[in-house]
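Every chain is numbered from 1 and lettered A, B, ... according to where its sequence line falls, protein lines coming before strand lines.
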There are 2 protein chains.
Amino acid sequence: MRLLTPFDHAMLRMESARTPMHIGALAIFRLPDDAPPDFVRQLYNAFSALAFLPFPYDSVLAALPVADAAYWKKTEPDPTYHVRLDALPSPGGEADLGALVERLHSRPLDLTRPLWEAHLIEGLENNRFAFYFKAHHCATDGIAAVQTIQSWLSTDPGGALPSGGKVDESGDLSLLQKLTILPRRIVEGTLATAGMLPNLARMALGPDSFVRTAVRTPSSVFNQRLGPHRRVAVERMSLATLKEVAGRTDTKVNDVVLAVVGGAVHRYLLELDALPRTSLTASVPMALSRTEDTLNAATGFVTPLGTELDDPLARLQLVAAHTRRGKHDIDGLSRGAQDYFALLGLTPLLLAQNARLATRLPLLFNFTVSNVVLGKEKRYLMGAELEYIVPISFLVDGYGLNVTVIGYGDSVTLGFVGDRDSLPHLQRLADYTRAALADLVEAAGSAGQ
Amino acid sequence: MRLLTPFDHAMLRMESARTPMHIGALAIFRLPDDAPPDFVRQLYNAFSALAFLPFPYDSVLAALPVADAAYWKKTEPDPTYHVRLDALPSPGGEADLGALVERLHSRPLDLTRPLWEAHLIEGLENNRFAFYFKAHHCATDGIAAVQTIQSWLSTDPGGALPSGGKVDESGDLSLLQKLTILPRRIVEGTLATAGMLPNLARMALGPDSFVRTAVRTPSSVFNQRLGPHRRVAVERMSLATLKEVAGRTDTKVNDVVLAVVGGAVHRYLLELDALPRTSLTASVPMALSRTEDTLNAATGFVTPLGTELDDPLARLQLVAAHTRRGKHDIDGLSRGAQDYFALLGLTPLLLAQNARLATRLPLLFNFTVSNVVLGKEKRYLMGAELEYIVPISFLVDGYGLNVTVIGYGDSVTLGFVGDRDSLPHLQRLADYTRAALADLVEAAGSAGQ
């Protein structure tokens, strides 16, 4: 019997009709040159065999007789329920794919079944197909979900689908297993009372830039009560261009990405006539170096995005200064303090789900910008080359935007998830990142790629 | 301001995550010979103009400040939310369509928006496409929904889509408007207590076959607690074959359809080793002649289906005897008594939705077999010929199967909706109706068509 950790419990407790707590990933593949017409259906059949599903995708949640405890119980997942063959209307453009994925991602998982769905999607233009995978955040975190998908991929164009034995379960559970070492009372405490929040600023860390930045977060259109539906937008950037801008400005690629998001938000909010006078802030769980033992996904710091600035270079330098300091501050913490920090990052999200508290709590950031690296090496699914992959995250009440960034091959992909009811034209926000990068390229005197 | 009737309120109150109360219709069309490649997308664009949407599809539910009352409020429906372009994976067979429609029909409507969705579905094999429309039962009944779809169709192959002015609103509301004449306390009373049920058998009607049949209904696999997901199956029959069997056995076409369903259920339950010794019963809302003022959709009687019999002819004669008597008994009622009957038909459904009562209540029938007639004349949507149409109804707790029958052109289509969790292999039940008709054709000495 595998008990749910306090972290899992918290994720499960946050589930509501307006805020389903699953995360997803969308992967785009090129059909092999010699692909038969039913290639995607063959893949669908292969996935329907469920032969390579690691724990916990073969288990359901069950309640212990004692109060407030759940565990994973092995079951036989019904492939006709969990695996789905979808198709896009012709011409099968990215907009058609986006419309489908928005609907798939808006739909809650059935909590009485294994907490995942896999969709093979045929009919994407230019001889491509898509794969959308979703799983509940109580069963996996975003990094682990991408790792699960990665375990199905091969660096060999001639590689077959993996079978059961090839999947290493430890990758999927490292985050959850690690979090069991945290005292349960931390999560329980943060759930039970908002009284902890004022203490954050008086923590042993002292008055540093993270906490100051966080408590100065302005209210914004991104921080409203959510509806039940989501919008999804995707934008891709050349890694070489990002690197060239970083090199010319003595910043990191991640700083350039954050500044680009800041520039896009600047333009998006100007257009809505809703730009706060002080900078919007992002929670950034990407700054620590990632090893197999690091809890990066839930640890991080808060940085201003310079949305109040007009000058793209000034915005970039502001972001770079804060990420340097944030990373330095967190690196200096003891391991125990870092774990404590991991849960603090979760605190505003947990509290925000309590409807009565949501409007009375101070914001500690405006939205999250997550970062995942898949690597430069080309990957294949049954011979089909992975073109790009984008994680699609979850939203909680009061936090109506999430940006995830993933590096693969020679490009960086940004996935935007927004609340449908409060955020109009999310696609524009994605489009504006392209414009913001062009501005930075020009300002840095770079040639671009 | 248009208030919700007691009937609407009851439908709304029955909504739950496991039992969403929307009804649907699936229509299959042949592409015109000269259809451009983007014909279905053109249709999608035309529907997205929302120019021909009658009340209440342009309105949302709003609560009155006084308790327990709601009204329809005009709004601007968002076409990108309500109208959807879908596609089937190739080869786009009926099974692919079924898998998609099952998922669409399982998903609850967003009660904060206008209570409908329209899906244009391209990629159906043999140069066809499909149209799936769903609406909440508090906004329309099945007959009215089919009438709404019918209002979009033309008997002229060269006909265009209708515009706003062409839709007659009265058809959509006749049921609702009529029911406002019923005292609210009838519905309220049936909701408040199960004490009314024993009185049914002592009603002024006296001990007739309807009531006796109803109270003898055996428990069955069709009458369990529901899960949140649905299965859908469709079967078509030749109207000429049904007529020939009816002619040779001195029965009605509707009797033959009921006996065919009884025969299919007989085989399906034998296979599951779950055939009750006494006959399963069906609630049949089709027996009254339908005029514009008749509340047929909610009026009817209960008939045994002869599922305990092995002989197909004996089964048909049993059904025919009961439908003759049921129709005669109801025709003899005063109009007021008929209206009262309309709500009695609803009573077990309303009560079943009360979880604490569901298991303690006697069944009054095992499932419903509804009947809708569209007519013999060919119909077209922007030049595309309607091949067949099938209503897809709703389920409530304890009633895990619904069969709807629609006559159009030279065929009769049966639509089966079943609870996914309690009913395995619903497609087999549909397949067995074909076998049951073949048995009847042979037993009646008919040649078949």
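For the set B:Val40, B:Leu85, B:Leu120, B:Asp38, the count of heavy-atom pairs under 4.5 angstrom toward chain A peaks at B:Leu85. Considering only heavy-atom pairs separated by less than 4.5 Å from chain B, the leading option among A:Pro91, A:Ser90, A:Gly123 is A:Ser90.
For A:Thr80, the parts lying under 4.5 angstrom from a heavy atom of chain B are both the backbone and the side chain. Residue contact with chain B, scored on non-hydrogen atoms closer than 4.5 Å, is absent for A:Tyr44. Interface remark: A:Asp78 contributes side-chain atoms only to the contact with chain B (heavy atom separation under 4.5 Å). For chain B, no part of A:Pro108 is nearby; none of its heavy atoms comes within less than 4.5 Å. The contact between A:Pro228 and chain B is made entirely by side chain atoms (from C-beta outward), counting heavy-atom distances below 4.5 Å.
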| field | Derivation of the side chain to side chain contact (heavy atoms under 4.5 Å, CB included) call for A:Leu88 and B:Glu122 | value | CA-CA 9 Å; A:Leu88 300 178; B:Glu122 68 173 40; over 6 Å; no
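The pair A:Asp86-B:Arg103 does not count as a salt bridge, with every side-chain nitrogen at least 4.0 angstrom from each carboxylate oxygen. Electrostatic pairing of A:Arg420 and B:Asp110 does not count as a salt bridge here, judged by no charged N lying under 4.0 Å from a carboxylate O. A:Asp96 and B:Arg41 are joined by a salt bridge, as a carboxylate oxygen and a charged side-chain nitrogen come within less than 4.0 angstrom of each other.
Across A:Ala87 and B:Pro89, no two heavy atoms sit closer than the pair CB-N, 3.4 Å.
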